[in-house]
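Worksheet for the structure shown next.
Order of the sequence lines fixes the chain letters, A, B, ..., with proteins taken first and strands second; residue numbering starts at 1 for each chain. The shown structure was predicted, so the numbers you read here are calculated from the model rather than taken from an experiment.
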Amino acid sequence: DTGVSQDPRHKITKRGQNVTFRCDPISEHNRLYWYRQTLGQGPEFLTYFQNEAQLEKSRLLSDRFSAERPKGSFSTLEIQRTEQGDSAMYLCASSLGPVTELFFGEGSRLTVL
Amino acid sequence: AQSVTQLGSHVSVSEGALVLLRCNYSSSVPPYLFWYVQYPNQGLQLLLKYTSAATLVKGINGFEAEFKKSETSFHLTKPSAHMSDAAEYFCAVSEGDGGSQGNLIFGKGTKLSVKP
């Protein structure tokens, strides 16, 4: 399968713990996006990379959130000191250049107890 | 700032009936518009997109949408609903040609139910 893959698919953690999600985009795609989706809402933009450069961060991305894409390939999204409000589905998407179709992974569901 | 409004969080139709999912957008620049579908526990899949070419756009699974600038609308239709169409549908907007990063702004979604 050569689509966008995300790991882990599910993560249950206790409040205050750190969690990290990984996203492997489609190999030739230079753009990678992170979105968050809560129940009953559409995906909300968090941040995006072009190659290894992080070009924009949403106001939703508090100081506890950090994303990296060190070699312009896979990306990680880390949440430090998790809070119950962080419980959501974290979606990764990739694209070949701007304003083209975004290909989404199946998401990583985070539950903070 | 760009935004999308989807009218109706839940739409229910009978199998074989017309599907109409409404989307209105707000954008200060020519928009690119998208419809995505999400099945339970799956990622989003592109149904169709409008990128300033033909205003009537045909997508997968028999869906189509028409861009109406005067109404700032991009409603999704399908002449005859099938049980397999039951899913959640998201409308999204992006800045068009000359825009910035190309990230999408999504609506809140419309859950489509299809009754036998």
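Interface summary for chain A: among B:Gly43, B:Gly107, B:Ser9, the most heavy-atom pairs under 4.5 angstrom belong to B:Gly43. Looking only at heavy-atom pairs under 4.5 Å with chain B, the residue among A:Glu106, A:Met89, A:Gln41 that has the most is A:Gln41. Residue with the most contacts toward chain A among B:Lys108, B:Glu88, B:Gln42: B:Lys108 (heavy-atom pairs, distance under 4.5 Å). No other option in A:Pro43, A:Gly107, A:Gly42, A:Gly40 has as many heavy-atom pairs under 4.5 Å with chain B as A:Pro43.
In this structure, B:Phe67 has its ring center closer than 6.0 angstrom to the ring center of B:Tyr50. Proximity of the aromatic rings of B:Phe106 and A:Tyr35 is defined here by a centroid distance below 6.0 angstrom, and this criterion is met.
A cation-pi contact links B:Lys78 to B:Phe63, judged by a cut-off of 6.0 Å to the six-membered ring centre and 45° from its axis.
At least one donor-acceptor pair closer than 3.5 Å links the side chain of A:Ser75 to the backbone N or O of A:Glu68.
Of the atoms belonging to A:Glu44, not a single heavy atom falls under 4.5 Å from chain B. Only the side chain of B:Gln38 comes within contact range of chain A, judged by heavy atoms closer than 4.5 Å.
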Next on the checklist: With salt bridge (charged side-chain N to carboxylate O under 4.0 Å, His left out) as the criterion, how do A:Glu83 and A:Arg64 come out once you've worked through the C-alpha distance, each side chain's angles and the decisive distance to 0.1 Å?
Outcome noted: CA-CA 10 Å; A:Glu83 301 174 355; A:Arg64 297 184 297 105; 3.4 Å; yes

